[in-house]
Each structure stands twice: as C-alpha cells, then as structure tokens.
Amino acid sequence: MTEQIITDKPKRITFIDLTRAYAILMMVQGHTIDLVLNQKYRVNSALFDIWKYNRGVTAPLFLLMSGVIFTYLLMKYETPGGSNPRVKKGFTRGLLLIGIGYALQFNVSLIFNFPASFNAVDNSAIVFHVLQCIGVGLISLVGLYKFAKFTKFSYFWILLVTGLSMIALHNVVPTMAWLDHVPIFFANFFTPKFGSHFPIFPFVGYLMLGAALGSTIPKYQEFYTSYRFGIWIISIGVLWMIITYTIMPSIRGPYLYYHPHNNLPDLIMIDRIAVVGIIIGIFSLLSLKFKNINPFLLTMGKNTLWIYVVHHFILYNTVFIPGPVLYFFKNRLDPWQSVFCALGVLVTVLVMLYYYTKLVKKYKPKYLKVK
C-alpha cells in the first residue's frame with residue numbers, strides 16, 4: 001500500500017524547486033537591504049538601481065512559480081471521474097495564506113480602535129501583502145478550474161488571457177475611485193494608494209501566467225525536463241525583451257501623444273515577464289546540467305512559506321514582538337554593512353530551516369511537517 005501511494009505521487013520537477021529557492025532567497029535579501037540601507041545611498045547610485053531592478057523581478061518570479069507548482073499538482077491529481085483533492089486543498093491553502101498574512105501584520109489597534117481601524121489610511125495591519133495576494137490567487141485558480149470544467153473551455157487559455165489582462169490593466173484598476181464603493185480594507189486589494197505592496201492587479205496576473213505554464217507540464221513533462229525547454233523559454237524571453245524596448249516604444253509614443261490620459265501598461269511590467277522567463281530557463285538548464293543537486297536546496301524551494309514567516313519575525317514587528325533588524329538597524333547601514341546584514345539574516349533563516357527539518361523528520365510531531 002505504501003509503495004502504491006508513493007508511486008502515485010506527482011514527481012517533483014527539479015527546476016521548479018530550484019527557481020522557488022532562488023526567488024525566496026532574493027526576497028529575503030531584498031527585504032533586508034531595503035529595510036537597513038541608509039536613504040543617502042539610494043540616490044545617484046548605479047549599483048542601487050541595478051539592485052532595485054533585480055528586486056522588482058523577485059515578486060513576479062515568486063508569484064509565477066507559486067502558480068506553476070499549484071496547477072502542475074492540480075492537473076497531476078485529476079482523475080477520470082472528475083474529482084480532484086487539490087481543489088479543496090487549494091481553497092483551504094488560499095484561506096490559510098490570507099490568514100497568516102494578516103496575522104503577521106496584526107497590531108493591537110485593530111482591537112482597541114475597531115471598527116475604525118479597518119478604514120484607517122495609515123494602518124499597516126490591513127495592507128494587502130504577498131501572502132494575501134497568493135492566497136487570493138490560489139482561490140481564483142480553483143474557481144477558474146471549476147469554471148473551465150463546467151464550460152468545457154480550455155483552462156490554459158483562461159489562465160493565459162486572465163493573467164495578461166490583469167497585467168495590462170495594472171495602471172487602470174488602481175486609479176479607480178475605490179473608496180466611493182468599499183472601505184480601505186477592501187480597496188487595498190486593488191490599489192497601492194494606501195500602502196499595499198501587492199495589489200491583485202498586476203500581481204495575481206503573474207501567478208495566473210505561472211499557472212498557465214504549470215497546467216501544461218503534466219501533458220508535456222518530457223519537454224519540460226529537457227534542454228529544449230530551457231533554450232526555448234530563454235529565447236522567447238530575449239525576443240520579448242527586444243520587442244518591449246524596440247518596437248513597443250515606437251507604437252506607445254504616438255499613441256500617448258493623441259491619447260495622453262490613456263493608462264497604458266508600463267513597459268517594465270511587461271519586461272518583467274521576459275526576465276522571469278529567462279531566469280526559469282537558466283534554472284531549467286542548470287537542473288539538467290548538475291544532476292547531484294544538494295537536497296537542501298530543493299528543501300528550501302519546497303518550504304518557502306516557512307522561510308517567509310521566519311524572516312518576517314526577524315525583520316519586522318509582529319504582534320508584540322519587535323523585529324531585531326528593524327529595531328536596531330532600520331535605515332542605519334551603509335551598502336557593505338547592509339550586504340553583511342542580509343547575509344546574516346539568510347544564514348540565520350537557513351540554519352533554522354536545516355535544524356527544523358531534522359527535528360521534524362526525527363520526532364514526527366502531529367501538526368508539523370516538512371516537504
């Protein structure tokens with residue numbers, strides 16, 4: 001029985017976990033350096049501009065890979081009868097992520113100033129952050145999956161069109177008069193005006209694009225585990241970059257001249273899709289080139305939520321616990337000190353993950369597990 005269960009489990013594809021590991025590490029270092037670097041080093045600095053650009057790619061990459069792994073497993077668990085255990089799991093996982101996201105941002109003002117705190121412009125506890133974004137995205141993926149099954153439409157094309165549309169509309173939706181219709185708590189889902197960092201438009205769009213990719217992996221797994229895929233997606237990414245910065249500006253300029261109030265999507269939002277594709281292609285090729293990859297690297301990619309939560313406790317205020325990095329180093333360090341601080345946070349988180357996985361595998365507590 002045990003052998004049958006193990007055999008039926010979907011096979012992990014190495015490049016997915018490697019890319020997720022890279023994305024979460026880039027997220028941790030990005031959050032750390034942004035928190036501790038003195039403001040005077042952020043202007044007139046080419047190095048900072050390069051770092052800032054790379055940091056801007058991290059969130060789309062992390063979200064896209066979250067979509068890839070979810071729909072890959074969703075499609076792998078499909079049965080001829082139509083039942084799929086990943087549907088319920090995806091819905092509950094989405095709710096869990098939303099709950100964890102708000103729990104990490106919780107502050108006592110929500111209790112003592114209720115209900116006014118849920119409509120306060122400066123309340124960081126109600127902003128829409130990355131965990132909430134992924135949670136809403138997973139619930140949306142489940143809903144679109146059920147819709148595709150009901151209508152017999154292609155799940156892939158629904159995801160692709162939805163994802164591209166959400167990215168294309170990212171300059172339109174946030175400018176709408178949300179407060180005329182909903183409280184700030186819900187307006188934060190759609191606009192960054194009140195402090196949110198990951199509004200649904202465009203960031204759930206990246207998750208949808210990843211989901212579109214992931215939905216095709218089970219059917220074409222041989223292609224996705226070959227050198228052809230890495231070369232193909234890198235080539236598409238490079239071509240996309242060329243089109244973005246050569247052909248599109250020549251169309252965009254005249255159009256905006258005659259339609260100055262039209263909110264076309266920023267080129268950088270489109271550019272990030274190309275860069276993310278190139279990064280995925282690189283890790284795909286690396287996973288094929290180096291067969292004996294350290295298992296702990298893959299463990300990092302499988303436990304991104306754990307890493308995110310732990311790094312949040314180290315960096316930021318959480319409930320009644322002040323984050324030590326925020327308390328001692330916020331905007332106080334020079335570039336080299338910031339780099340060493342980021343390395344220190346990364347080492348701390350990874351050492352904790354290493355021993356956590358060891359302890360859980362040894363003692364097998366009922367409510368704790370590792371992947």
Side-chain angles (χ1 to χ4, degrees), residues 17-66 100-101 104-105 124 127 129-131 133-134 195-198 203 206 268 272 275-276 278-280 282-283 286 293-294 296-319 321-357:
D17 290 326
L18 279 179
T19 310
R20 294 178 77 204
Y22 170 80
I24 193 65
L25 293 182
M26 289 300 99
M27 182 174 287
V28 172
Q29 69 83 16
H31 286 171
T32 306
I33 291 178
D34 183 61
L35 182 64
V36 302
L37 183 65
N38 193 294
Q39 294 293 332
K40 68 181 180 181
Y41 297 107
R42 301 174 190 240
V43 293
N44 301 322
S45 171
L47 284 176
F48 178 78
D49 291 340
I50 294 172
W51 171 86
K52 186 176 180 181
Y53 176 85
N54 288 328
R55 188 187 175 212
V57 173
T58 300
L61 178 63
F62 187 74
L63 289 160
L64 190 139
M65 294 311 299
S66 296
I100 293 175
L104 290 174
Q105 298 165 194
S124 61
V127 299
H129 220 289
V130 66
L131 292 187
C133 182
I134 297 175
S196 289
H197 300 286
F198 293 89
F203 288 103
Y206 293 115
I268 194 168
R272 286 172 178 173
V275 177
V276 165
I278 293 170
I279 293 173
I280 292 173
I282 291 172
F283 279 104
L286 289 175
I293 296 173
N294 190 310
F296 186 66
L297 289 175
L298 303 181
T299 298
M300 289 158 47
K302 297 172 186 176
N303 293 277
T304 53
L305 176 60
W306 192 95
I307 293 174
Y308 182 89
V309 171
V310 171
H311 107 286
H312 197 282
F313 275 91
I314 294 173
L315 294 185
Y316 306 113
N317 292 331
T318 307
V319 192
I321 305 172
V325 174
L326 176 69
Y327 184 81
F328 290 107
F329 303 119
K330 183 180 181 182
N331 298 141
R332 297 178 184 177
L333 305 184
D334 64 30
W336 278 112
Q337 290 172 333
S338 299
V339 169
F340 284 117
C341 183
L343 289 174
V345 173
L346 283 170
V347 169
T348 301
V349 171
L350 296 181
V351 168
M352 291 175 68
L353 175 63
Y354 178 80
Y355 284 106
Y356 169 77
T357 56

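Bear in mind that the values here come from a model prediction, so they are computed numbers and not experimental data.
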Heavy-atom side-chain contact between Lys330 and Leu35 under 4.5 Å | yes
Which heavy atom in Asp34 sits nearest to a heavy atom in Arg42, and how many Å separate them?
-> O-NH2, 2.6 Å
Test Val275 against Tyr53 for side chain to side chain contact (heavy atoms under 4.5 Å, CB included), laying out the working first.
-> CA-CA 11 Å; Val275 177; Tyr53 176 85; 3.2 Å; yes
For the residue pair Asn294 and Thr299, establish whether any side-chain heavy-atom pair is separated by less than 4.5 Å.
-> no
Output the distance between atom CG (Leu64) and atom CZ (Arg272), rounded to the nearest 0.5 Å.
-> 13.5 Å
Are any of the side-chain heavy atoms of Asp334 and Asn38 separated by less than 4.5 Å?
-> no
Please round to the nearest 0.5 Å and tell me the distance separating atom CZ of Phe48 and atom CD1 of Ile33.
-> 9.5 Å
Please lay out, stage by stage, how Gln337 and Val36 fare under the test side chain to side chain contact (heavy atoms under 4.5 Å, CB included).
-> CA-CA 9 Å; Gln337 290 172 333; Val36 302; over 6 Å; no
Write down the atom of Gly30, the atom of Trp51, and the distance for their closest heavy-atom approach.
-> O-CZ2, 3.5 Å
Evaluate the criterion side chain to side chain contact (heavy atoms under 4.5 Å, CB included) for residue pair Asn54 and Met26; output intermediate values, then yes/no.
-> CA-CA 9 Å; Asn54 288 328; Met26 289 300 99; over 6 Å; no
Nearest heavy-atom contact between Ile293 and Leu297 is CG2-CD1, 3.9 Å
Looking at residues at least two apart in the chain, or sitting in another chain, which of them share a side-chain hydrogen bond (donor to acceptor under 3.5 Å, both in side chains) with Thr58?
-> none
CZ/Phe296: more than 12 non-hydrogen atoms of other groups inside 6.0 Å | yes
Value rounded to 0.5 Å, distance of NE2 in His31 from NE2 in His312 | 8.5 Å
For Ser66 and Ile134, which heavy atoms make the closest approach, and how far apart are they?
-> OG-CD1, 3.9 Å
Measuring from Arg20:CZ to Phe283:CZ, what's the distance to the nearest 0.5 Å?
-> 13.5 Å
From CG (Leu333) to OG (Ser338), nearest 0.5 Å = 4.5 Å
Is any side-chain heavy atom of Val130 closer than 4.5 Å to a side-chain heavy atom of Tyr308?
-> yes
For residues Leu37 and Asn331, determine if any side-chain heavy atom of one lies less than 4.5 Å from a side-chain heavy atom of the other.
-> no
Qualifying residue for side-chain contact (heavy atoms from CB on, under 4.5 Å) with Thr32, from Val339, Val345, Ile314 | Val345
Within 6.0 angstrom of Asn44 CG, more than 12 heavy atoms from elsewhere = no
Can you find a heavy atom in the side chain of Leu25 that is under 4.5 Å from one in the side chain of Leu346?
-> yes
Kindly compute the distance separating CG (Leu315) from CG (Leu326), expressed to the nearest 0.5 Å.
-> 8.5 Å
How about Lys302: does its NZ atom have over 12 heavy atoms from other parts shown lying under 6.0 Å from it?
-> yes
Would a 4.5 Å heavy-atom cut-off, applied to side chains only, mark Phe313 and Leu104 as touching?
-> yes
Closest contact, heavy atoms only, Phe62 versus Ile24 = CE1-CD1, 3.8 Å
Could you tell me which non-hydrogen atom of Phe198 sits nearest to which non-hydrogen atom of Leu63, and how far apart they are?
-> CD2-CD1, 4.4 Å
